[in-house]
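Before any comments, here is the structure.
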Amino acid sequence: MDKVLEPVAKSPKLALYMAELEKILVYEKQQREQFYREMQEGDKTEFINGEIIMHSPVKNRHTSCGRRLVILLGGYVQEYNLGFVGYETTLISLTRNDYEPDLYFFGNAKASMFQPEQMIHPAPEFIVEILSKSTEARDRGIKFEDYAAHSVQEYWLVDPEGGVLEQYLLQDGTYTLALKSADGHVASPVIEGLKLPIRAIFDDAVNIQTLQELLANKEDEPV
């Protein structure tokens with residue numbers, strides 16, 4: 001049993017707690033169904049703990065980091081036929097909440113089952129969130145916990161202001177920090193063979209050079 005649940009399970013008020021939690025879940029289910037009915041293609045919204053979160057426009061450096069990552073990861077994954085890389089406005093539906101990560105990777109096993117009109121998707125294998133002042137608490141808080149609980153194997157947090165990448169890997173149901181750096185290289189155990197300089201996320205010239213090197217090394221299998 002989860003340690004958080006132990007005192008609740010032993011409390012004489014357990015039945016009362018259960019009844020109250022059931023009310024919360026029923027209300028959230030109604031709100032979530034309404035969220036699904038009203039969402040429109042292209043919306044940047046999330047459903048978190050019963051609340052609809054509308055996202056504000058982001059700064060150029062945020063968008064630039066996302067664009068560079070899509071160029072690198074998307075180009076690499078497509079070239080080696082490893083699955084699918086997407087950027088924003090794809091709804092990832094977990095047990096309780098719905099998120100639209102900045103960037104995500106699905107391996108071929110999941111990606112091959114997607115339909116052209118599909119708008120709701122399961123948990124991917126890999127997620128990147130680009131930090132901003134308005135989202136950092138959620139990216140390091142509920143999303144950090146929820147992604148791990150739903151077996152997202154690798155989670156990157158990108159700080160566009162500080163130029164730092166944090167790489168977390170799933171171990172025993174929780175994330176362990178594998179790398180935090182502004183320099184050097186990052187290798188992904190989830191996207192097969194992917195290794196790139198961290199500066200390629202933050203610098204256009206390094207980004208293009210890295211993409212050329214990734215694609216130039218193409219053989220029968222990923223490098």
Side-chain angles (χ1 to χ4, degrees), residues 4 21-70 73-74 83-107 110-111 113-161 165-170 173-175 190 201:
V4 174
L21 289 172
E22 183 64 26
K23 290 179 183 179
I24 293 172
L25 292 176
V26 168
Y27 174 76
E28 282 193 12
K29 181 180 179 181
Q30 294 171 345
Q31 295 298 103
R32 198 176 193 184
E33 289 172 349
Q34 181 178 349
F35 171 69
Y36 288 155
R37 289 194 301 268
E38 295 180 354
M39 67 180 183
Q40 300 292 322
E41 185 175 0
D43 286 350
K44 182 63 176 174
T45 59
E46 298 179 314
F47 185 85
I48 303 177
N49 291 354
E51 181 181 359
I52 297 174
I53 307 296
M54 303 292 294
H55 288 274
S56 303
V58 296
K59 296 179 179 179
N60 284 338
R61 59 176 168 239
H62 183 289
T63 302
S64 295
C65 285
R67 173 180 52 79
R68 294 185 195 106
L69 281 165
V70 171
L73 274 60
F84 174 77
V85 170
Y87 181 51
E88 294 189 341
T89 62
T90 289
L91 198 68
I92 303 302
S93 182
L94 305 185
T95 306
R96 184 181 183 188
N97 299 316
D98 300 283
Y99 305 106
E100 290 189 348
D102 287 314
L103 187 137
Y104 42 87
F105 164 77
F106 288 98
K110 290 184 178 180
M113 300 177 66
F114 295 161
Q115 301 300 314
E117 300 299 315
Q118 186 171 340
M119 292 181 67
I120 300 175
H121 299 77
E125 286 90 340
F126 172 101
I127 284 178
V128 179
E129 295 285 9
I130 302 171
L131 300 174
S132 65
K133 290 182 179 179
S134 63
T135 66
E136 183 169 3
R138 288 192 294 270
D139 294 338
R140 295 188 181 279
I142 189 161
K143 290 186 178 184
F144 192 94
E145 180 181 358
D146 218 357
Y147 292 160
H150 289 84
S151 300
V152 176
Q153 297 296 308
E154 185 171 358
Y155 184 32
W156 289 9
L157 290 175
V158 173
D159 177 4
E161 185 172 355
L165 168 69
E166 298 173 35
Q167 179 192 36
Y168 295 89
L169 302 178
L170 192 65
T174 60
Y175 284 130
V190 172
I201 303 172

Thinking salt bridges, do Arg140 and Glu136 make one under a 4.0 Å N-O criterion? yes

Distance, nearest 0.5 Å, that separates CG of Asp98 from CZ of Arg32: 4.0 Å

Scanning both residues in full, the closest heavy-atom pair of Arg138 with His55 reads NH2-CE1, 3.9 Å

Between the side chain of Glu46 and the main-chain N/O of Glu100, is any donor-acceptor distance below 3.5 Å? yes

Please determine whether the number of non-hydrogen atoms from other residues, nucleotides or ligands lying under 6.0 Å from atom CE of Met113 exceeds 12. no

Atom CD of residue position Glu145 - does it have more than 12 heavy atoms of other residues, nucleotides or ligands inside 6.0 Å? no

For residues Phe105 and Leu73, determine if any side-chain heavy atom of one lies less than 4.5 Å from a side-chain heavy atom of the other. no

Ring geometry between Tyr168 and Tyr155 (parallel below 30°, tilted from 30 to 60°, perpendicular above 60°): tilted

Please give me the minimum heavy-atom distance between Ala123 and His150, naming the atom from each residue. CB-O, 3.7 Å

Could you give the distance from CG (Asn97) to NZ (Lys143), rounded to the nearest 0.5 Å? 10.0 Å

If you compare all heavy atoms of Ile201 against all heavy atoms of Arg68, which two are closest, and at what distance to 0.1 Å? O-NH1, 3.1 Å

For the student: nearest non-hydrogen atoms of Pro124 and Ile92, plus distance: CD-CG2, 3.8 Å

For Leu170 and Ser151, which heavy atoms make the closest approach, and how far apart are they? CD2-CA, 3.7 Å

Ring geometry between His121 and Phe114 (parallel below 30°, tilted from 30 to 60°, perpendicular above 60°): perpendicular

Rounded to the nearest 0.5 Å, how far apart are CG of Leu103 and CG of Leu69? 6.0 Å

Atom pair CG (Asp102) and CD (Glu129), whose distance is rounded to the nearest 0.5 Å: 5.0 Å

Between Lys59 (side chain only) and Ser132 (backbone N and O only), is there a donor and an acceptor less than 3.5 Å apart? no

Parallel, tilted or perpendicular for Tyr104 and Phe84, by the 30°/60° rule? tilted

So, the side chain of Arg96 versus the backbone of Gly50: is there a donor-acceptor pair under 3.5 Å, distance only? no

Which word best sums up how the rings of Tyr147 and Tyr99 line up, parallel for under 30°, tilted for 30 to 60°, or perpendicular for over 60°? perpendicular

Contact check, side chains of Gln167 and Leu169, non-hydrogen atoms, under 4.5 Å: yes

Criterion side-chain contact (heavy atoms from CB on, under 4.5 Å) on Glu38 and Thr45, from CA distance to verdict: CA-CA 11 Å; Glu38 295 180 354; Thr45 59; over 6 Å; no

List the atom of Pro160, the atom of Leu131, and the distance in Å for their closest heavy-atom pair. CD-O, 3.4 Å

Nearest-0.5 Å distance, CZ of residue Phe47 to CG of residue Leu91: 11.0 Å

Decide if atom NZ of Lys44 counts as having more than 12 heavy atoms of other residues, nucleotides or ligands within a radius under 6.0 Å. yes

Side-chain touch Val152/Phe126, heavy atoms, less than 4.5 angstrom: no

Is it the case that the side chains of Thr135 and Asp139 hold a donor-acceptor pair, with the cut-off being a distance below 3.5 Å and no angle test? yes

The salt bridge (Lys or Arg N to Asp or Glu O under 4.0 Å) partners of Arg61 (sequence neighbours excluded) come to Glu161

Measure the CD-CD1 distance between Gln34 and Ile52 for me, rounded to the nearest 0.5 Å. 6.5 Å

